[in-house]
Student: 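Here it is: the structure, laid out below.
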Amino acid sequence: MASQAVTPQSQDFSKWYNEIVYKADLASQSPVRGCIIIKPYGYEVWEAIKAGLDRRFKETGHQNAYFPLFIPQSYLQREAEHVEGFSPELAVVTHAGGKKLEEPYVVRPTSETIIGESFSQWIQSYRDLPLLINQWANVVRWELRTRPFLRTTEFLWQEGHTAHATAEEAQAETMQMLEVYAEFCREDAAIPVVKGQKSNIEKFAGALRTYSIEAMMRDKKALQSGTSHNLGQNFAKAFDIKYLSRDNVEEYCWTTSWGVSTRLVGAVVMAHGDDQGLRLPPKLAPIQVVAVPVYKNDDERAPVLDAVQRIVAELKAAGIRVHVDDRDERPGFKFNDWEMRGVPVRLEIGPKDVQNDKAVLARRDIPGRDGKQFIAQAGIVAAVRDLLADIHDNMLAQATTFREQNTHEISTYEQFQGIVADGGWAIGWWAGNDDDERRVKDETGATLRCFPLDQPDGAGQCFFTGQAAERVAIFSKAY
RNA sequence: CGGGGUGUAGCUCAGCUGGCAGAGUGCUGCGUUUGGGACGCAGAAGUCAUCGGUUCGAAUCCGGUCACCCCGACCA
């Protein structure tokens, strides 16, 4: 049951976020430290995310498979950077079946190693390439600090793993999947993202290059919402992933990996939510339209419910996800309750509407009277369909405007510090090295989110070192 | 792993100068209500984190343990 008011975003954003997660019934706390229980309503949002992505993966030629949860510890050690990056956050199984294991198993933090081992067996010839695999799975990373959906010890995700004959093909795949993520965020989640390349410090342990999509949350912080890695030949060499070329020469493959997780649920909450609660983009909303019947007494009840059932049947037949709230509560309570849960459209039908063959549609993205329209019952399916499309467009536009208003070009470190202190993204020319990047982080709390793929023409002067710079970077506080 | 805090009803918490286990909210039932968070009446609900100690008597005082939260460190 969603209940009463929520802490305003402006007062305490973290508190607001936590309350939304629980009050909108997305998740509940679990007995296990750092883990959450994803409740049916939250899981349905994840299922919609999965469906949207899975369709796109298939359309781009990928197939799903499933690899073991347990990975022999020695596998991780085969790629030097990889093991160094992950060892602090591994959960290791040392005992099983009442006995100490000969070799411990690591609970997968990601599957490059065990999938690489398989790839080395599956791939013999250039004819076996490219190999395009995806896995939907759970992974475990023993994080010290967790937050529901954003960073949990166990989480659900997908990890794509591909092998290619050439460096160019691997790079093309890396960029293609980054675009798939960006397109999904825009078209299904109504979240605008910046595609960019990660700095050396932030790149994936074992990758040649890491790319990410970065989204701005309502508190102006950045959330890395998806990553795509060009792994070069690092894992191919560590796992002996080789093929015989057309010229009968043995060559190492070029591999990629890419993933998004249940963190996306958190992204949806923090990119769209307001002080009334969650706001779900129509394509991901488990319930797109909630029908609330309104009546004063038993005489009014029957005809109102008849009309509701008739309209709901029409909407369902048109493939719209509808729910009738026939609980014995007052309408006002239901309005607030469904707003907390983020349902995009509310359909109200009362005695007056039945009399006039009308209905009321209220949209979640525009509060109050301005978001209400009185329409004829005939043609309601088309009206709802148009409204859902319009809500998506409007939510995307709102989020885009918000991001633009809070992204600032800077050319000096002083300006930079001002922007970071006020919240928001700072974008400027950057030529610093790893140490410079760490210093900026230590001094301001902001990290280099990415070098955007869309770069301005020409060159400039680094706002930190004063050196000539070829690229601009986005810096921000991040989750 | 360092510093601080909290464990009492499903949830939020009061009770802590030792003396019958409490409130708000939620839940169940009945009735009145119903176009923006209604109200009345009746009810169910607890190993007061845990183990030990002091005491005639412990939610309350003392000690140990465990768990969780916040800040820091850590972090695809």
Side-chain angles (χ1 to χ4, degrees), chain A residues 1-7 12 14-15 18-19 22-23 25 28-35 81-82 84-90 109-112 139 141-147 150-153 155 157 159 197-207 209-214 223-229 231 257-261 263 276-277 292-301 304 325-340 346-356 358-360 362 367-369 371-372 374 441-442 445 447 449-450 478-479:
Chain A
M1 236 30 35
S3 63
Q4 323 267 313
V6 66
T7 301
D12 186 340
S14 299
K15 204 168 173 190
N18 281 323
E19 288 179 10
Y22 300 124
K23 290 188 175 180
D25 225 19
S28 68
Q29 291 170 335
S30 85
V32 183
R33 198 197 83 98
C35 295
E81 269 187 46
H82 193 63
E84 195 192 328
F86 279 108
S87 54
E89 44 186 317
L90 296 179
T110 180
S111 304
E112 273 75 7
V139 288
R141 296 177 189 182
W142 218 259
E143 305 284 358
L144 295 176
R145 203 171 176 81
T146 59
R147 304 197 59 195
L150 301 176
R151 177 175 284 113
T152 48
T153 299
F155 58 95
W157 78 341
E159 47 180 325
Q197 183 175 354
K198 284 296 193 182
S199 71
N200 187 47
I201 286 180
E202 302 267 337
K203 87 175 161 64
F204 177 70
R209 285 187 286 276
T210 288
Y211 300 86
S212 71
I213 49 171
E214 302 283 333
L223 181 71
Q224 176 178 304
S225 306
T227 52
S228 187
H229 315 289
L231 303 174
S257 68
W258 27 275
V260 299
S261 69
R263 172 181 268 196
Q276 304 310 311
V292 178
V294 179
Y295 44 81
K296 284 194 191 62
N297 50 50
D298 281 350
D299 288 346
E300 291 177 353
R301 189 168 177 274
V304 165
D325 186 353
D326 56 2
R327 288 178 297 176
D328 187 16
E329 295 284 355
R330 296 163 75 92
F333 173 88
K334 295 179 182 178
F335 296 171
N336 286 282
D337 196 34
W338 292 108
E339 279 166 12
M340 177 63 76
R346 181 179 68 240
L347 169 66
E348 299 170 31
I349 296 182
K352 284 182 241 166
D353 303 311
V354 171
Q355 221 162 37
N356 306 324
K358 297 264 188 179
V360 178
R369 189 159 282 279
K372 281 195 183 189
F374 299 81
K441 184 187 175 184
D442 289 346
T447 49
R449 300 320 303 155
C450 70
Y479 281 95

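Numbered from 1 within each chain, the chains take letters A, B, ... in sequence-line order. These numbers come from a predicted model, not from an experiment.
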Student: For A:Arg263 and B:C75, what is the distance between atoms CZ and C1' respectively, to the nearest whole Å?
Tutor: 10 Å
Student: Tell me whether A:Thr210 contacts the main-chain N or O of A:Lys198 through its side chain, where contact means a donor paired with an acceptor under 3.5 Å.
Tutor: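 Looks like no, no N/O pair under 3.5 Å.
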Student: Sub-3.5 Å donor-acceptor pair from the side chain of A:Asp337 to the main-chain atoms of A:Phe333, do we have one?
Tutor: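 The answer is no, because no donor-acceptor pair under 3.5 Å joins these two groups.
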Student: Base, sugar-phosphate, or nothing: which does A:Asp353 touch, judged by heavy atoms less than 4.0 Å apart?
Tutor: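 Base: the residue A:Asp353, judged by heavy atoms under 4.0 Å, touches a nucleobase.
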Student: Return the polar atom pairs (N/O with N/O) between nucleotides 1-11 of chain B and the protein under 3.5 Å, or none.
Tutor:
none

Student: Above 12 or not: heavy atoms from other molecules or residues under 6.0 Å from CG of A:Asn297?
Tutor: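 More than 12 heavy atoms, drawn from other residues, nucleotides or ligands, come within 6.0 Å of this atom.
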Student: Could you work out the separation of B:G22 and B:G37 based on their C1' atoms and round it to a whole Å?
Tutor: 27 Å
Student: Atom CZ of A:Arg147 to atom P of B:C68: distance rounded to whole Å?
Tutor: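 The answer, rounded to whole Å, is 18 Å.
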Student: Is there a donor on the side chain of A:Arg346 or the base of B:G36 sitting less than 3.5 Å from an acceptor on the other?
Tutor: yes
Student: Might you point out which heavy atoms bring A:Ala478 and A:Thr447 nearest each other, and give the distance in Å?
Tutor: CB-OG1, 4.1 Å
Student: Taking atom P in both B:G7 and B:A44, what distance in whole Å separates the two?
Tutor: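 Roughly 28 Å separates the two P atoms.
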Student: Are any non-hydrogen side-chain atoms of A:Val354 and A:Ile349 less than 4.5 angstrom apart?
Tutor: yes
Student: Could you identify the nucleotide paired to B:A67, looking across every strand shown and requiring Watson-Crick or G-U wobble geometry with both distances under 3.5 Å?
Tutor: B:U6
Student: Measure across A:Val260 and A:Ser225 and return the closest heavy-atom pair with its distance rounded to 0.1 Å.
Tutor: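 Scanning both residues, the minimum pair turns out to be CG1-O, 3.6 Å.
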Student: Expressed in angstrom and rounded to an integer, what is the separation of A:Phe335 atom CZ from B:U34 atom C1'?
Tutor: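 In whole Å, B:U34 C1' lies 10 Å from A:Phe335 CZ.
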Student: Could you work out the separation of B:C1 and B:C13 based on their C1' atoms and round it to a whole Å?
Tutor: 32 Å
Student: Could you identify the nucleotide paired to B:G26, looking across every strand shown and requiring Watson-Crick or G-U wobble geometry with both distances under 3.5 Å?
Tutor: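 Base-paired to nothing in any strand shown.
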Student: With A:Arg151 as the cation and A:Tyr479 as the aromatic partner, state whether NZ or CZ is under 6.0 Å from the six-membered ring centre and within 45° of the axis.
Tutor: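 No, cation not above the ring by the 6.0 Å, 45° rule.
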Student: Which atoms form the tightest heavy-atom contact between A:Asp325 and A:Pro293, and what is the distance?
Tutor: O-CD, 3.3 Å
Student: Please report the distance, rounded to the nearest Å, between CD in A:Glu300 and C1' in B:U33.
Tutor: 13 Å
Student: Could you measure between the two P atoms, the one in B:C62 and the one in B:G5, and give it in whole Å?
Tutor: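 Looking at atom P only, B:C62 and B:G5 are 14 Å apart.
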Student: Need one value for A:Lys198: base, sugar-phosphate or nothing, where a base atom within 4.0 Å counts as base even if backbone is also close, heavy atoms only.
Tutor: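 Result for A:Lys198 = nothing.
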Student: On RNA chain B, nearest-nucleotide positions of A:Glu159 versus A:Val354: which is more 5'?
Tutor: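 Mapping each residue to its closest nucleotide by heavy atoms, the 5'-most match is A:Val354.
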Student: Go through B:C75, B:G35, B:G37 for me and flag the one nearest to the A:Asp337 side chain.
Tutor: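 Shortest atom-to-atom distance from the side chain points to B:G37.
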Student: Under a 3.5 Å cut-off for both distances, is B:C61 Watson-Crick or wobble paired, and to whom?
Tutor: B:G53
Student: Regarding A:Val360, tell me which of base, sugar-phosphate or nothing describes its non-hydrogen contacts under 4.0 Å with the strands shown.
Tutor: base
Student: Show the distances under 3.5 angstrom between N or O atoms of the protein and N or O atoms of nucleotides 38-47 of chain B.
Tutor:
| unit_1 | atom_1 | unit_2 | atom_2 | d |
| --- | --- | --- | --- | --- |
| B:A38 | OP2 | A:Arg330 | NE | 3.1 |
| B:A38 | O4' | A:Arg330 | NE | 3.4 |
| B:A38 | N9 | A:Arg330 | NH1 | 3.4 |

Student: Taking the side chain as everything from C-beta on, heavy atoms only, tell me whether A:Arg346 gets closer than 4.5 Å to A:Lys334.
Tutor: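 No, their side chains stay 4.5 Å or more apart.
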Student: Report which part of the nucleic acid A:Thr210 touches: base, sugar-phosphate, or nothing (heavy-atom distance under 4.0 Å, all strands).
Tutor: nothing
Student: Could you tell me whether A:Glu81 and A:Lys203 make a salt bridge, using a distance below 4.0 angstrom between a side-chain N and a carboxylate O?
Tutor: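 Yes, charged N to carboxylate O under 4.0 Å.
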Student: Rounding to an integer number of angstrom, what distance separates B:U33 and B:G46 when you compare their P atoms?
Tutor: 36 Å
Student: Side chain of A:Glu214, backbone of A:Cys450: donor and acceptor closer than 3.5 Å?
Tutor: no
Student: Take A:Glu348 and A:Glu89, find for each the nucleotide of RNA chain B with the closest heavy atom, and name the residue whose nucleotide sits nearer the 5' end.
Tutor: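 So the residue in question is A:Glu348.
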Student: Any base atoms under 4.0 Å from A:Gln29, or only sugar-phosphate, or nothing? Heavy atoms, all strands.
Tutor: nothing
Student: Hey, is the side chain of A:Arg151 pairing donor to acceptor with the base of B:C75 inside 3.5 Å?
Tutor: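 Flag set: donor-acceptor pair detected.
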Student: Just compare B:C75, B:G35, B:C68 and give me whichever is closest to any side-chain atom of A:Glu143.
Tutor: B:C75
Student: What is the base-pairing partner of B:G31, counting Watson-Crick and G-U wobble geometry with both distances under 3.5 Å?
Tutor: B:C39
Student: Please measure how far the C1' atom in B:C20 lies from the corresponding atom in B:U28, and state the result in whole Å.
Tutor: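 The same atom, C1', in both gives a distance of 26 Å.
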Student: Determine the Euclidean distance between corresponding C1' atoms of B:A59 and B:C16; express it in Å to zero decimal places.
Tutor: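 These two C1' atoms come out 8 Å apart once rounded.
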Student: Check the distance between B:G36's C1' and A:Trp338's CH2 and give it to me in whole angstrom.
Tutor: 16 Å
Student: Under 4.0 Å, heavy atoms only, any strand: does A:Trp157 hit a base, just the sugar-phosphate, or nothing?
Tutor: base
Student: Just how far, in rounded Å, is C1' of B:U34 from CG of A:Asp328?
Tutor: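 For the pair A:Asp328 CG and B:U34 C1', the rounded distance is 9 Å.
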Student: Could you check how far CZ of A:Arg33 sits from P of B:C69, rounded to whole Å?
Tutor: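 After rounding, the reported distance stands at 7 Å.
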Student: List the atom of A:Glu348, the atom of A:Asp353, and the distance in Å for their closest heavy-atom pair.
Tutor: O-OD2, 3.8 Å
Student: Check every strand shown and say whether A:Lys372 touches a base, only sugar-phosphate, or nothing at a heavy-atom separation below 4.0 Å.
Tutor: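 It contacts base atoms.
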Student: Counting Watson-Crick and G-U wobble pairs only, both distances under 3.5 Å, name the nucleotide matched with B:G72, or none.
Tutor: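 Base-paired to B:C1.
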Student: In whole Å, measure the gap between the C1' atoms of B:U60 and B:G15 for me.
Tutor: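 Pairwise C1' distance, B:U60 against B:G15, rounds to 9 Å.
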Student: To the nearest Å, give me how far apart CD (A:Glu202) and P (B:C75) are.
Tutor: 10 Å
Student: Hydrogens and angles aside, do A:Gln224 and A:Ser212 bring a side-chain donor and acceptor to less than 3.5 Å of each other?
Tutor: no
Student: Suppose we define a pair by two distances each less than 3.5 Å, Watson-Crick or G-U wobble; what does B:A45 pair with here?
Tutor: none
